Student: 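Just passing along the structure, written as structure tokens.
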Amino acid sequence: MDLSFLAYDTLTAAQALLGKYIYTEQDGAVTGGYITEVEAYLGEHDKAAHAYQLRRTKKNEMMYRDFGTIYVYTMHGHHCMNFITKDTAHPEGVLIRGIEPVTGIDTMIKRRGRENHLTDGPGKLTQSLGIKREHYNGTRLNDDGVCIREGRTPRVITASKRIGIDNKEEAVDYLYRFTVKGNPHVSKDKVVVEENNGWQ
DNA sequence: GTCAGGATTACCT
DNA sequence: GGTAATCCTGACT
């Protein structure tokens, strides 16, 4: 699919990613699902972003690549995946925090070692999809690793505060987290599940 | 070499 | 609601 929507405004791109079908294939096993939860990180002026004030380290180097680059970092032993937006002068990106499992659920269960909560968190979905920093950081979307396709359309998108950044001053109040309203495959929230999981 | 901190998760009450 | 587990990264000595 055409990825040019990632080149424009990051907040718009984040919402456009909801519903996209994301998948990986490893050893003949395809795992994938529909994106249900994302967060935008706006680089230079966003205190919660790894690239705040254009901070640049070996770890966040991939944020300074062009749109469509995949940035994977580890924390507490988990891997988290971002899609980079815009251009090399704007280190911005979208953190994928939740997907609705669709394909290869048996493989996800094997990788996760449990039968539920397979993909309702940034570290959980990378584990279910087999995404590790050493193999995927700096690769490009739809280029043989992580791929996205058109998927479903959210009926309503909810904007909320981002998760896990509670010492970042004013940045904690930005409504840069977007979820599919009524979809249960998201982190933290107690969701009232809606018809069709919130899809049109 | 040492040390503090984190865009998390799982399990507890 | 809270907290321990756990480990990588960056900064500093």
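Owing to the predicted nature of the structure, the values given are computational and were not obtained by experimental measurement. Atoms considered below: every heavy atom in the structure, side chains included; atoms not considered: hydrogens, waters and symmetry mates. The chains referred to below are lettered A, B, ... by the order of the sequence lines, with proteins before strands, and numbering in each begins at 1.
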Student: If you look at every strand shown and take non-hydrogen atoms under 4.0 Å, does Asn167(A) touch a base, only sugar-phosphate, or nothing?
Tutor: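 Sugar-phosphate contact only - Asn167(A) comes under 4.0 Å of backbone atoms but never of a base.
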Student: In whole Å, what is the span from the NZ atom of Lys59(A) to the C1' atom of dA11(C)?
Tutor: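 Atom-to-atom, Lys59(A) to dA11(C), this comes out as 13 Å.
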Student: Just name whichever nucleotide pairs with dT6(C), Watson-Crick or G-U, keeping both distances under 3.5 Å, else none.
Tutor: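 Matched dT6(C) with nothing under the 3.5 Å cut-off.
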Student: Is Ile165(A) touching bases, backbone alone, or none of the nucleic acid, heavy atoms closer than 4.0 Å?
Tutor: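 The answer is sugar-phosphate, as Ile165(A) gets under 4.0 Å only of primed atoms, P, OP1 or OP2.
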Student: What do you reckon, do His76(A) and the base of dT8(B) stack, with centroid distance below 5.5 Å and planes below 30°?
Tutor: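 So His76(A) counts as stacking on the base.
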Student: Please indicate yes or no: is the ring centre of Tyr41(A) less than 5.5 Å from the centre of the six-membered base ring of dA7(B), with the two planes inclined by under 30 degrees?
Tutor: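 Stacked: centres under 5.5 Å apart, planes under 30°.
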Student: What integer distance in Å separates Asp166(A):CG from dG1(C):C1'?
Tutor: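 These atoms are roughly 14 Å apart.
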Student: Does dG10(C) have its OP1 or OP2 closer than 4.0 Å to a side-chain nitrogen or oxygen of Arg56(A)?
Tutor: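 So the side-chain polar atoms of Arg56(A) never come under 4.0 Å of the phosphate oxygens OP1 or OP2 of dG10(C).
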Student: Can you tell me the distance, in whole Å, between the CG atom of Asn82(A) and the C1' atom of dT8(B)?
Tutor: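 It is 14 Å, rounded to the nearest whole Å.
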Student: Look at Asp189(A) together with Arg177(A) and state whether they make a salt bridge at an N to O cut-off of under 4.0 Å.
Tutor: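 Result for this pair is yes, salt bridge flagged.
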Student: When the distance from NZ of Lys58(A) to C1' of dG10(C) is rounded to whole Å, what number comes out?
Tutor: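 After rounding, the gap between these two atoms is 11 Å.
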Student: On the nucleotide dA7(B), are OP1 or OP2 found under 4.0 Å from the side-chain N or O atoms that Lys168(A) carries?
Tutor: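 Affirmative; the distance criterion is met.
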Student: More than 12 heavy atoms of other residues, nucleotides or ligands under 6.0 Å from CD of Glu195(A): yes or no?
Tutor: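 Atom CD in Glu195(A) is not crowded, with 12 or fewer foreign heavy atoms closer than 6.0 Å.
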Student: To the nearest Å, give me how far apart NE2 (His78(A)) and P (dC8(C)) are.
Tutor: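 So the NE2-P distance, His78(A) to dC8(C), works out to 12 Å.
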Student: Find the distance Asn137(A):CG to dC8(C):C1' and express it as a whole number of Å.
Tutor: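 About 13 Å, once rounded to whole Å.
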Student: Which part of the nucleic acid, if any, lies within contact of Lys188(A), taking any heavy atom under 4.0 Å across all strands shown: a base, the sugar-phosphate backbone alone, or nothing?
Tutor: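 Touches a base.
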Student: Less than 4.0 Å between a side-chain N and a carboxylate O, is that true for Asp120(A) and Lys124(A)?
Tutor: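 Between Asp120(A) and Lys124(A) there is a salt bridge, with a charged N closer than 4.0 Å to a carboxylate O.
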Student: Could you tell me how far apart Met81(A) (CE) and dA7(B) (P) are, to the nearest whole angstrom?
Tutor: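 About 18 Å, once rounded to whole Å.
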Student: Have a look at His117(A) and say if it touches a base, only the backbone sugar-phosphate, or nothing, with a 4.0 Å heavy-atom cut-off.
Tutor: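 Nothing, no heavy atom under 4.0 Å.
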Student: Just to be sure I understand the rule, does Arg177(A) reach a base, reach only the sugar-phosphate, or reach nothing, if contact means heavy atoms closer than 4.0 Å?
Tutor: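 Result for Arg177(A) = nothing.
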